[in-house]
Enquirer: 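Got a structure here, written out as structure tokens. Questions coming.
The chain is numbered in sequence order, starting from 1.
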Amino acid sequence: MASPRAKEHRMAWPRGTLHKHVGSTDSRFRRSGFGGVEVRGMGGAGVAEPWTEHGLGPFGPAVHKSYSRTQHATDGSAFLKVYVGIDPDGRRRREVATIERAALRGISVPPVLASGVGEGGSWTVFRTMTGTPCSIGTREAVERYIGHVVAVSGRLHRPTAGVTPGSGWGARRVALCSSHQFLLDQLSSRCHRLPWWSVLSAALQTIDAHPVVHLHGDLKAEHLLVDGNRLHVVDWEASARGPAVLDYTDVVFHLIRDLLYEDVPPGRIPVDLVTRLPFSGPVLAWRLLLWLDRRRPQDIRLVTVHDVYRLAADKQDISAYQLLAHTIVRLRAAGVPR
């Protein structure tokens, strides 16, 4: 359903900056979800940013994160994300496509107003969603957050026939991949040569028996916005297809890591509140390693075969989470950045 802003995309594009209007056969331009527009090609020096041609902006100061640069419109109506780092345009396309599909499941998501790629990078402008991000600042806040995760999972992890593991929600005509191989493929090639690789690879094979569902990929507290009785879910660039326990493990990992980096003692981490979420020791070990693999080059060597084995072999969720907490404390003391 097109929004009033979407109608503005039918204006004529200035020569050399944006491309043809809706209905064009130009392959560099196509309609994105929610009446938004995808644009390929940004102008060079002296040419206005492409989103301004859509009547979007101006945008305020940028907030820089590891994999994105974000800016809010000065009137509060829109939100600009520029993707950086790992596979920026793949993440952009994945997020735009998944948002459209998630809305069809009754999940409240931010409408895409425009999206494109060019000299200035890969970018998307979303309509701003009102609401307060979930918090993990108190025990009560954590309990509410986990409740929201469980609630949205009912729509998110709905069983779907024929879904195979992989990135994004779209079907791909490629060779079938097992769930455990999908996880291993996300680790860099240097990990193959480390002593714990065979231990992790063997342990992860247990998840191949789990049903494959659609995943958000990053359900941390700041990506769930509470708006009265409504819950909005944002930031879909890590969306994927795989066992539901991947989403739940990501929730627990971020909760434990972020509280520890905020100087909460390990003994005060409310791990008892996350026991209502499905648990997998092998996936928890993998998530720890994925984090380290994306930090400083030397950080991935700070864990031993014994560390990986103990975490992957643990059958009890609380003891595994406590072990994870103590491991992260040790890694933080060694200088690993959040």
Enquirer: Which residues satisfy the salt bridge (Lys or Arg N to Asp or Glu O under 4.0 Å) test with Arg294, sequence neighbours excluded?
Expert: none
Enquirer: Not counting sequence neighbours, list each pair that qualifies as a ring-ring contact (aromatic ring centres under 6.0 Å, His included) and has a residue in residues 125-158.
Expert: His157-Tyr248
Enquirer: Going by side-chain contact (heavy atoms from CB on, under 4.5 Å), name the residues that satisfy it together with Asp218, two or more places apart in sequence or in a different chain.
Expert: His216, Lys220, His223, Ala238, Asp250, His254
Enquirer: My understanding is that only residues two or more places apart in sequence, or in another chain, count here; which of them pass side-chain contact (heavy atoms from CB on, under 4.5 Å) with Leu194?
Expert: Trp196, Ile300, Arg301
Enquirer: Would you mind reporting whether Cys177 and Thr164 have side-chain heavy atoms less than 4.5 Å apart?
Expert: no
Enquirer: Under the side-chain hydrogen bond (donor to acceptor under 3.5 Å, both in side chains) test, which residues partner Thr160, sequence neighbours left out?
Expert: Arg105
Enquirer: Enumerate the ring-ring contact (aromatic ring centres under 6.0 Å, His included) contacts for residues 290-328, please, sequence neighbours excluded, ordered by first and then second residue.
Expert: Phe253-Trp291, Phe279-Tyr321
Enquirer: Please enumerate all residues that pass salt bridge (Lys or Arg N to Asp or Glu O under 4.0 Å) together with Arg295, with sequence neighbours excluded.
Expert: none
Enquirer: Using side-chain hydrogen bond (donor to acceptor under 3.5 Å, both in side chains) as the criterion, list what pairs up with Thr124, not counting sequence neighbours.
Expert: Tyr83, Ser115
Enquirer: State which residues pass ring pair (Phe, Tyr, Trp, His ring centres under 6.0 Å) with Phe182; sequence neighbours excluded, sorted by chain then number.
Expert: none
Enquirer: Checking Glu222 now: which residues fulfil salt bridge (Lys or Arg N to Asp or Glu O under 4.0 Å) with it, not counting sequence neighbours?
Expert: Lys65
Enquirer: My understanding is that only residues two or more places apart in sequence, or in another chain, count here; which of them pass side-chain hydrogen bond (donor to acceptor under 3.5 Å, both in side chains) with Asp87?
Expert: none
Enquirer: For Arg139, check side-chain hydrogen bond (donor to acceptor under 3.5 Å, both in side chains) against everything at least two apart and list the hits.
Expert: Asp272
